[in-house]
Novice: 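Mind looking over this structure? Questions follow.
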Amino acid sequence: MKSGWFSEMSDLWPGIALSLKVEEVLHSERSQFQEILVVKTKTHGRALMLDGAIQCTEKDEFSYHEMISYLPLCSHPKPKDILIVGGGDGGVAREVAKHPDVERITLVDIDDRVIEVCKQYLPRLSLGLNNPKVTVSVGDGFEFLRNHRGEFDVIITDSSDPVGPAEHLFKQPYYELLKAALKPDGIVASQAGTVWESMQQVQSTFQHCKTMFPVATYAVTAVPTYPTGQIGFVLGSLNSQTNFAEPMRIFNDEDLDQMEIRYYNDKIHRTAFVLPRFVEKSLQVA
Ligand code: AAT
């Protein structure tokens, strides 16, 4: 590897790797669960990597964090109680807390070291964890859900990829627990990988969701520093009337400016569900 560059190599996206020029390694440790690395990049601000996979860079994290938050929140008539599984960097909590209907946010991340390291090095994300609406809990999201029934309007799974501590968050039993933890008409949204390199993962996550929820769909957004520059979300609703592609709550430009939302609006919400033909066919969503 060329010195001074970080390359994101993984068996999940074999034969392809995004590289970032690194100016300084700010933090590196092996926690109980994973390898944590924070670097200062030349062009993308600070970046967090877990087990060699880019979790976020300061330059483009807003696309992912806004979309994984507002696609489900704006598809729900009154999202008051929210659970975030993963998301220890605070980016999703930061966005979810901006939604005026949201009253309580519980965040459960497996790794308290990710939370602490992000508090120290990624303050623009971790400020989300200090919001008074947010309660942070440390533990496995799967185990947490076992003990929570009928409590949440929206559950967002902002988890790392399906290797290591997040592996079981991409399997059928997790979707059974998600369903049970929702209130009536509840909605779920989960990080679900990219169709360009991980079609099988997308298909199986989507199938799990479809098995448990009367409405299930897949949406995409652009994140230049994620593998292939694109990432998708699986969304499910217990309400058979939910039409994810048409937002129930529309923020106007003034609202969006005030909320410091830079990527999401109602137009991009609708577009996120427009999928290429090969994806429609693979997921049978057409
Ligand atoms: N916010 C964008 C970054 C992430 S964070 C993924 C988080 O999931 C990490 O903080 C990790 O500690 C946490 N996590 C992993 N497994 C579990 C688990 N079983 N229970 C709770 N939290 C967990 C997502 C990056 C996506 C990368 C795409 N390539």
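Just follow the structure's listing: the first ligand is 1, and inside any ligand the first atom is 1. Bear in mind that the values here come from a model prediction, so they are computed numbers and not experimental data.
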Novice: So does Lys40 pair up with Glu23, basic N to acidic O under 4.0 Å?
Specialist: yes

Novice: Check Lys98 with Glu95, please: is the shortest side-chain N to carboxylate O separation under 4.0 Å?
Specialist: yes

Novice: If you count the atoms of ligand 1 from 1 in the order shown, which ones are under 4.0 Å from a heavy atom of Asp89?
Specialist: 1 (N), 2 (C), 3 (C), 5 (S)

Novice: Using the rule that Ile, Leu, Val, Met, Phe, Trp and Tyr join whenever any side-chain heavy atoms are under 4.5 Å apart, tell me whether Met49 and Leu18 fall into a single cluster.
Specialist: yes

Novice: Any nitrogen or oxygen of Trp13, main chain or side chain, under 3.5 Å from a nitrogen or oxygen of ligand 1?
Specialist: no

Novice: Could you tell me whether some N/O pair between Gly141 and ligand 1 is separated by less than 3.5 angstrom?
Specialist: yes

Novice: May I ask you to decide whether Glu103 forms a salt bridge with Lys133, counting only side-chain N to carboxylate O separations under 4.0 Å?
Specialist: no

Novice: Taking only non-hydrogen atoms of Tyr64, do any sit less than 4.0 angstrom from ligand 1?
Specialist: yes

Novice: Taking it one step at a time, do Tyr264 and Tyr70 satisfy ring pair (Phe, Tyr, Trp, His ring centres under 6.0 Å)?
Specialist: CA-CA 7 Å; Tyr264 177 88; Tyr70 301 119; 5.4 Å; yes

Novice: Taking Arg104 first and then Asp81, would you say they form a salt bridge - that is, a charged N and a carboxylate O separated by under 4.0 Å?
Specialist: yes

Novice: Please assess Phe233 against Tyr64 for the test ring pair (Phe, Tyr, Trp, His ring centres under 6.0 Å), listing each intermediate value before the final yes or no.
Specialist: CA-CA 10 Å; Phe233 312 108; Tyr64 176 83; 5.7 Å; yes

Novice: Assess Leu169 for proximity to ligand 1: is some non-hydrogen atom of it under 4.0 Å away?
Specialist: yes

Novice: Is the backbone N or O of Thr157 less than 3.5 Å from a side-chain atom of Ser190, with the two atoms forming a donor-acceptor pair by type?
Specialist: no

Novice: Specify side chain, backbone, both or neither for Leu48, according to which of its non-hydrogen atoms lie closer than 4.0 Å to ligand 1.
Specialist: neither

Novice: Quick one: does any side-chain atom of Tyr226 pair with a main-chain N or O of Gln55 as donor and acceptor, under 3.5 Å?
Specialist: yes

Novice: Does any N or O atom in Ser159 lie less than 3.5 angstrom from one in ligand 1, N or O only?
Specialist: no

Novice: I want to know if ligand 1 touches Pro227 in the polar sense, i.e. an N/O pair below 3.5 angstrom.
Specialist: no

Novice: Donor-acceptor pair, Ser31 side chain versus Phe33 backbone, under 3.5 Å?
Specialist: yes

Novice: Side chain, backbone, both or neither: which part of Asp140 comes within less than 4.0 Å of ligand 1 when only heavy atoms are counted?
Specialist: both

Novice: Does Leu12 have a heavy atom less than 4.0 Å from any atom of ligand 1?
Specialist: no

Novice: Using a 4.0 Å heavy-atom cut-off, which part of Asp109 comes near ligand 1: side chain, backbone, both, or neither?
Specialist: both

Novice: Does Gly139 have a heavy atom less than 4.0 Å from any atom of ligand 1?
Specialist: yes

Novice: Taking a cutoff of less than 4.0 Å between a non-hydrogen atom of the residue and any ligand atom, is Glu61 in contact with ligand 1?
Specialist: no

Novice: Under 4.0 Å, heavy-atom basis, I'd like to know which part of Phe33 is in contact with ligand 1: side chain, backbone, both or neither.
Specialist: neither

Novice: Can you tell me if Gly87 has a non-hydrogen atom under 4.0 Å from ligand 1?
Specialist: yes

Novice: May I ask whether Phe142 has any heavy atom positioned less than 4.0 angstrom from an atom of ligand 1?
Specialist: no

Novice: Quick one: which of Arg94, His44, Arg46 gives a side-chain hydrogen bond (donor to acceptor under 3.5 Å, both in side chains) with Glu61?
Specialist: Arg94

Novice: Check each heavy atom of Leu125 against ligand 1 and say whether those closer than 4.0 Å belong to the side chain, the backbone, both or neither.
Specialist: neither

Novice: Test of understanding: given a 4.0 Å heavy-atom threshold, classify the contact between Ser160 and ligand 1 as side chain, backbone, both, or neither.
Specialist: both

